[in-house]
Amino acid sequence: GIGIKGEVNHIDVDLIKIIKLFGKEKAALIMQSHLEAIDDIEMIIKTEKIECEFERCSHYIYANDAGEERDLKKIIEVFNALGLRAEYKKDGALGFSQFGYIEVFNQAKFNAMKYLTALAKLAKKYGAVIAEDTEVLNTEDRGDYVVAEIKDFGKLRVNKVFSACH
């Protein structure tokens with residue numbers, strides 16, 4: 001997933017866990033999709049001229065002790081096996097004491113609230129209806145359209161339904 005740390009966003013996944021769940025081939029596809037998501041977000045930001053402090057940068061995973069350092073060495077092996085651009089380092093470049101780190105290249109950071117607020121405005125501009133705090137009771141696909149039943153509202157005939165929750 002895209003990990004949100006305050007207002008800085010990047011791809012943040014536990015590759016070892018993903019490989020255990022899905023295997024190396026599917027893990028590689030998952031990571032590729034994450035990298036493509038960053039490219040897509042960047043393209044949308046540039047095309048729509050969204051001001052959200054988007055910036056390409058590296059992501060760093062660091063070890064606080066010798067045990068975590070062993071884990072880092074396993075993680076970098078996985079990155080390398082999957083052909084991802086990352087490098088294990090053991091120097092003072094991070095500016096604080098640590099037991100080594102991995103630099104993951106070609107990541108990005110941006111202000112998620114500014115990005116999502118702009119996306120919502122664009123979606124409305126292109127005809128989308130955004131209904132917050134709305135309970136969808138049922139959806140029925142009728143081929144050319146979908147009937148969405150909304151609590152305390154009734155039924156809507158729509159082209160597409162996107163539902164998200166937290």
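Owing to the predicted nature of the structure, the values given are computational and were not obtained by experimental measurement.
With sequence neighbours excluded, the residues that form a salt bridge (Lys or Arg N to Asp or Glu O under 4.0 Å) with Lys46 are Glu42. In this structure Lys24 satisfies the salt bridge (Lys or Arg N to Asp or Glu O under 4.0 Å) test with no other residue, sequence neighbours excluded. With sequence neighbours left out, the salt bridge (Lys or Arg N to Asp or Glu O under 4.0 Å) criterion links Asp39 to Arg56.
Ile44 places a side-chain heavy atom less than 4.5 Å from the side chain of Tyr115. Inter-residue side-chain proximity for Val136 and Ile150 is flagged as met; some heavy-atom pair is nearer than 4.5 Å.
Under the 4.5 Å side-chain heavy-atom criterion for ILVMFWY residues, no single connected hydrophobic cluster contains both Leu29 and Phe22. With hydrophobic clusters built from ILVMFWY side chains whose heavy atoms lie under 4.5 angstrom apart, Ile30 shares a cluster with Leu21. When the side chains of ILVMFWY residues are joined at heavy-atom separations under 4.5 Å, either directly or via intervening members, Leu116 and Ile41 end up in a single hydrophobic cluster. Phe79 and Phe105 fall into different hydrophobic clusters, defined by Ile, Leu, Val, Met, Phe, Trp and Tyr side-chain heavy atoms under 4.5 Å apart, directly or through other members.
Atom NZ of Lys155 sits in a sparse spot, with 12 or fewer heavy atoms from other residues, nucleotides or ligands closer than 6.0 Å. Around CG of Asn138, the count of heavy atoms belonging to other residues, nucleotides or ligands within 6.0 Å exceeds 12. Other residues, nucleotides and ligands place no more than 12 heavy atoms under 6.0 Å from the CD atom of Glu25. More than 12 heavy-atom neighbours from other residues, nucleotides or ligands sit within 6.0 angstrom of CD on Glu149.
The hydrophobic cluster around Phe96 extends to Tyr60, Tyr62, Leu94, Tyr101, counting ILVMFWY residues whose side-chain heavy atoms fall within less than 4.5 Å of a member. Annotation for Val147: hydrophobic cluster partners, listed by chain and number, are Tyr145 (ILVMFWY side-chain heavy atoms under 4.5 Å, direct or chained).
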Show me, pair by pair, the donor-acceptor contacts under 3.5 angstrom made by side chains of residues 122-134, not counting sequence neighbours?
| unit_1 | atom_1 | unit_2 | atom_2 | d |
| --- | --- | --- | --- | --- |
| Thr134 | OG1 | Ala131 | O | 3.4 |
| Thr134 | OG1 | Glu132 | O | 2.9 |

- prompt: Taking it one step at a time, do Leu156 and Val161 satisfy side-chain contact (heavy atoms from CB on, under 4.5 Å)?
  reply: CA-CA 10 Å; Leu156 291 175; Val161 174; over 6 Å; no
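Between the side chains of Tyr88 and Glu69, a donor-acceptor pair is found at a separation under 3.5 Å.
Across all non-hydrogen atoms, the minimal contact from Gln107 to Ile38 is OE1-CD1, 3.8 Å.
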